[in-house]
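Each remark here refers to the structure printed beneath this line.
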Amino acid sequence: MEKYDHLKIEKKWQIKWDENKVFKSEVDYYKPKFYCLVMLPYPSGNLHMGHVRNYVIGDVFARFNRMIGNNVLHPIGWDAFGLPAENAAIKNGISPKEWTEQNIANMKKQLKMLGISYDWSREISTCKPEYYKWNQWFFLKMNEIGLVFRKKSNVNWCPLCKTVLANEQVLSGKCWRCDSNTEIKKLEQWFLRITNYANTLLEDMKQLKNGWEKQVLSMQTNWIGKSVGVNINFDLFIKNKKTKKKLKVFTTRPETIFGVTFVVISPEHDFIRKFKNFIINYNEIAEYKIRFNNYINKNFLKEKYGIPIKGIEVINPANNKKIPMFVSSYVLKEYGTGAIMAVPAHDKRDSEFAKVYNIPIIKVIAQYDNETINSKVMYECKDGVLINSKQFNGMDSKEASIKITNWLKNEGNAEKKVNFKIKDWLISRQRKWGTPIPIIYCKKCGIVPVPERELPLNFPKTYDEIYVICPNCNSLAKRETDTMDTFVDSSWYYMRYCDPNNSIVAFDIKKAKYWMPVDQYIGGIEHACMHLIYARFWYKVMKDLGIVAATGKEPFTNLLTQGMVTLNGSAMSKSRGNIISPNKISGKYGVDALRLFILFAAPPKKQLDWSKQSMNIVKGCHNFLNRLWRLFEIINMKSRFSASKQNKNEILLKMNFTIKKVTENLKKEFKFNTAISHIMELVNALYVYKWHSNDNGVSLQVYKNIILLMYPFTPHICEELWERLGNNNNISEQNLWPQYTIELLDYKKDIIEIPVQINGKLRGKVLVNLEDSEDDIKRKIKCNNKLLSYFNNKKILKFMYIKSKIVVIVSN
RNA sequence: GGGUGGAUGGCGGAAUUGGCAGACGCACAGGACUUAAAAUCCUGAGAUUUGCAAAAAUCGUGAGGGUUCAAAUCCCUCUCUACCCACCA
């Protein structure tokens, strides 16, 4: 037999799949559907190992599901708008469009070389007018239902990318794309009202409990940040007089009200402007505010430093005591009411502040375990029993929370309030290579949306094209020059895949109903609080617009977040120059070996570090495929020995067990690494069996199943061997997933070796017949001098035989 | 400060969910084949101690305690570590 020529085989099958459009999918109501989606790539130029991991995992799902008879949709496309194209355009003197198209062509070639089973007829590219037209259409629709608004506010600005960013796109104070420190700017920008959906986004996560990882769910829960509390009014005390004017604060711990010894407002709070005339040190506060607005480094924010407001005090509604007011940057304007009641005894931040200004600290909650008040427990806000709280003394803090809220409410000083941390989605970007925002600014009519019939609205090519005619009054007006966040593109692309060439609507409702929701989504965890929140939001909006007919509230039923591929522990990136090229590896050892490596080297969720050893593992994977290849010839050879019936049953048992395990690993556990090792074991066992057997029928049966089981992982070599076995159907086009026979799984050897545990320690083994009783086994053990020596002359307190598993003896 | 994970040989990682820890693979060592190398095939191996050997004993899943005949797995305390969020009241 010829040698395993991976280059030839891989090319042969890739051409065959491509020419015969094997993976093209159509709506078919007679077949169960399976929508397998991978996060669409940004066309940066070259595939890296992270892409390979993502897409190979996706391919395993797709191929496996075809084999078990599902109608699989496995599409791919390009997240083609974005800043790198603009930078490359300046650098290389070509247009962003050209640069992007070149990259797409190159990466498409690379994806085909990986043998991923995409339906290429559904390929989309978000920078094409046919696609981004619908971004604009969605914008107009959202505008109609009040989800679009323009607001001047403090926004995050990336000085390197020269654009604003959404809250989600600032990671620890740095730009998600270029890692530079972001700044705060006050600008008027376009927002989408994602906060309208905050509660729905949170509630609907209950439906994702089984299909999404806990980690992602908890990250989103945190990000949405629901907190239930109370708004409490504090009366203002101005010029030695109690007034009817009030300051509203938000708290989640109303039971600590008796411990409030001061209040703090944000430097940006409207209060300052409103009560300017009563604030004696207004100038000092205004100065502080300017410093706050101009701050560059965030350390200023971390300081527990503020300014006392002179001339105004507030009255604690619980005890009518007069307490001071402060301005400090540690109170955020955007959250709650922009003002807090400070309880220094039970809040670390408040206590730090109180120490600076010598404000009294009153403890109002005593912990249950009657500990003394020391510095450690001092500032914690644990549950306990109330003290120093008048009529509420002795009450449990949970109960007190309700009672105090009601008490304050009856006095007209409180109302229940729920707050969220999530902020509205800022979608304006000061970039050219993006979807133009379809808005016109007219001097007469104000802000006017571009009429739907004029979509797509293309980029202005010259400066003059910024000037347009107002659709309302026909006078000269200006276009919006900002573009949309590219996350808009990826918020609904999974719908477009269902009907990618539709020029009349964004997608056909019926087609989308057939395919949606996505059955398996695969991508990186870095999108947990970006794309995966935006996409869920968009889906809910589409439902509200009445264009989603699929059942269920969520777009992605199951989510697998694959771990990063790193080099020496850090992420591979162009700038670090530490990129391992998949092409080089596949050229030397084959695409199938590369695929096998990436699936076998680590479980999919775990980080996969490329080390010096990794190339050896690729080589090992190649060797294994070689071993599989040679087995083709060996199973037809004659052995000098003949196998016993038992040997035959054992190999069949092993085969059935392997089928069962691999099916489970693929279907619900996502354990590709152990699936592969089970198949390796079966291959090893088949080699051994062949040494002792002439029963080619059994060998062939096992071998065929091995090839079918391997197919989702290494499709090229499996198709080739399948063909060489004389089959005239391709695995790719059939429902050939092997079934196991339950009767064979029940097969047990007549005589098995059972471990014997004496007084908690493993002391030896005993040969046991399947039908042996406890007494039989006891007799056998007593005949074994070694085992007997451990409990001879002692009283047996317990003798236990757990069938086919273990014998337990306890003696005194 | 909050959240979610993780810690098993030289390495990547297994463990039927409480029942022989270290499957499978890499690296390593020995052997067969070969003029030689590669490839291939076979064999070995957690650590320590005893023994010429066959073998045996002890220890062993981050640390310490507990439950149990039996714990990598369950409970308590702690340490380290990764990721995400973070002055969110």
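In what follows, chains carry the letters A, B, and so on, assigned in the order in which the sequence lines appear, proteins first and then strands, with residues in each chain numbered from 1. Computed from a predicted structure; not experimentally measured.
Of the candidates B/rG10, B/rG3, B/rC69, B/rG10 carries the atom nearest the A/Q613 side chain, counting heavy atoms from C-beta on. Listed nucleotides: B/rA39, B/rG13, B/rA89. Nearest to the side chain of A/T252: B/rA89. Picking from B/rA57, B/rA14, B/rA27 the nucleotide with the shortest atom distance to the side chain of A/K619 gives B/rA27. Closest contact between the side chain of A/L171 and the listed nucleotides B/rC84, B/rU40, B/rC85 involves B/rC85. Taking every side-chain heavy atom of A/S172 into account, B/rC85 is the closest of B/rC85, B/rA89, B/rA56.
Between A/E268 and A/K289 no salt bridge is recorded (no basic side-chain N to carboxylate O distance below 4.0 Å). A/D347 has no carboxylate O lying under 4.0 Å from a charged side-chain N of A/R253, or vice versa, which leaves the two without a salt bridge. Under a 4.0 Å N-O distance rule, the pair A/K661/A/E681 does not qualify as a salt bridge.
Dashed line: the shortest gap from a side-chain N or O of A/K661 to OP1 or OP2 of B/rU16 is not under 4.0 Å. Contact between the side-chain N/O atoms of A/N626 and the OP1/OP2 oxygens of B/rU40 is not found at any separation under 4.0 Å.
A/M564 places its CE atom 12 Å from the P atom of B/rA82, with the value rounded to the nearest Å. Atom OH of A/Y335 and atom P of B/rA86 are 13 Å apart (whole Å). Here the C1' atom of nucleotide B/rA89 and the NE2 atom of A/H269 are 13 Å apart, to the nearest Å. The nearest whole Å value for the distance from the CD atom in A/Q220 to the P atom in B/rG2 is 23 Å.
In this structure, A/K805 has no salt bridge (Lys or Arg N to Asp or Glu O under 4.0 Å) partners at least two apart in sequence or on a different chain.
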### Nucleic acid footprint by protein, nucleotides 17-24 of chain B - heavy-atom cut-off 4.0 Å, B for base, S for sugar-phosphate alone
--BB--BB

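Shown here, B/rG9 is classed syn by the O4'-C1'-N9-C4 or O4'-C1'-N1-C2 angle, which is within 90° of 0.
Here the separation of B/rA71 from B/rA86, taken at their P atoms, is 44 Å to the nearest Å.
Residue order along RNA chain B, read from the 5' end via each residue's closest nucleotide, puts A/I617 first among A/I617 and A/S227.
RNA chain B forms stems at B:1-7 with B:79-85, B:10-12 with B:24-26, B:28-32 with B:40-44, B:46-50 with B:55-59, B:62-66 with B:74-78, each a run of 3 or more consecutive Watson-Crick or G-U wobble pairs whose two key distances fall under 3.5 Å.
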